[in-house]
Amino acid sequence: MNKNKEIIIRGEDHTIGSLWQQQLESNDEVEFAGYIVEHPLEKSVKIRLETKEPGNEKEVFNKTIDNIIKLLDCLSDEFKRKFSPIISI
C-alpha cells in the first residue's frame, strides 16, 4: 500500500506551504512532509505526505488542519490582547 499522498492548495504560496510542512513534521505519525510551489506565477502549493503507517494519511491531514486552526486562533487572540488597546480592531 502506498504511504505517499499529495494535496494541492490553490490560491496559496510558500507561507501556507511552510506552515503545513512544519505542522506535519511535528506529528509522530509522519515519515516525510514537504511542499513545492511549482511555478512562481501559479498560486498553488503541492503538499506531499508520507506516513509511517499506510492508510492513515487522511487522518493525519485532518489532525493537521485542526492544529493549524488552533494555532491561528491563539495567534489572533494574542494579537487582539496586545494591540487592541492601541489600535481599533
Side-chain angles (χ1 to χ4, degrees):
M1 182 179 252
N2 190 353
K3 299 186 301 183
N4 298 323
K5 294 291 180 196
E6 290 182 349
I7 63 169
I8 296 173
I9 303 174
R10 301 201 189 286
E12 296 297 341
D13 58 16
H14 289 283
T15 303
I16 292 296
S18 179
L19 177 62
W20 267 90
Q21 181 176 349
Q22 177 192 14
Q23 292 299 309
L24 285 167
E25 287 175 341
S26 70
N27 186 323
D28 292 337
E29 299 173 72
V30 173
E31 186 74 33
F32 172 83
Y35 79 93
I36 187 169
V37 174
E38 292 185 345
H39 193 280
L41 297 178
E42 182 180 316
K43 291 200 61 120
S44 79
V45 176
K46 184 186 292 184
I47 298 168
R48 182 170 165 253
L49 167 68
E50 183 178 325
T51 58
K52 293 178 181 174
E53 294 292 324
N56 70 339
E57 298 86 0
K58 185 175 180 180
E59 179 183 325
V60 169
F61 275 125
N62 287 334
K63 282 182 185 177
T64 303
I65 290 169
D66 291 341
N67 289 342
I68 290 172
I69 290 169
K70 288 176 190 172
L71 178 68
L72 294 175
D73 284 344
C74 287
L75 180 63
S76 175
D77 291 345
E78 185 68 13
F79 183 86
K80 288 175 185 174
R81 187 180 69 74
K82 288 199 178 209
F83 293 107
S84 63
I86 57 175
I87 59 174
S88 176
I89 298 179

Does R48 form a side-chain contact (heavy atoms from CB on, under 4.5 Å) with N4? I'd like the steps, not just the answer. CA-CA 7 Å; R48 182 170 165 253; N4 298 323; 3.4 Å; yes
Closest contact, heavy atoms only, [X] versus [Y]:
{"X": "V60", "Y": "L49", "result": "CG1-CD2, 4.0 Å"}
{"X": "K52", "Y": "V30", "result": "CE-O, 3.8 Å"}
{"X": "R81", "Y": "S84", "result": "O-OG, 4.2 Å"}

Run the numbers on L24 and I47 for side-chain contact (heavy atoms from CB on, under 4.5 Å), then give the verdict. CA-CA 10 Å; L24 285 167; I47 298 168; 3.8 Å; yes
Determine, step by step, whether W20 and V45 satisfy the side-chain contact (heavy atoms from CB on, under 4.5 Å) criterion, reporting the C-alpha distance in whole Å, the side-chain angles of both residues, the deciding distance to 0.1 Å, and the verdict. CA-CA 10 Å; W20 267 90; V45 176; over 6 Å; no
In Å and rounded to the nearest 0.5 Å, what is the [atom1] to [atom2] distance from [X] to [Y]?
{"X": "K63", "Y": "I68", "atom1": "NZ", "atom2": "CD1", "value": "14.5 Å"}
{"X": "K46", "Y": "I8", "atom1": "NZ", "atom2": "CD1", "value": "5.5 Å"}
{"X": "F61", "Y": "T51", "atom1": "CZ", "atom2": "OG1", "value": "9.5 Å"}
{"X": "D66", "Y": "L71", "atom1": "CG", "atom2": "CG", "value": "12.5 Å"}
{"X": "K5", "Y": "E50", "atom1": "NZ", "atom2": "CD", "value": "12.0 Å"}
{"X": "T64", "Y": "L19", "atom1": "OG1", "atom2": "CG", "value": "9.5 Å"}

Could you state whether I65 and I7 fall into the same hydrophobic cluster, counting links through intermediate Ile, Leu, Val, Met, Phe, Trp or Tyr residues with side-chain heavy atoms under 4.5 angstrom apart? yes
Under the 3.5 angstrom rule, does the side chain of S76 hit a backbone N or O of L72 as a donor-acceptor pair? no
Hey, which of E6, H14, Q21, E12 is the one that makes side chain to side chain donor-acceptor pair (under 3.5 Å) with Y35? H14
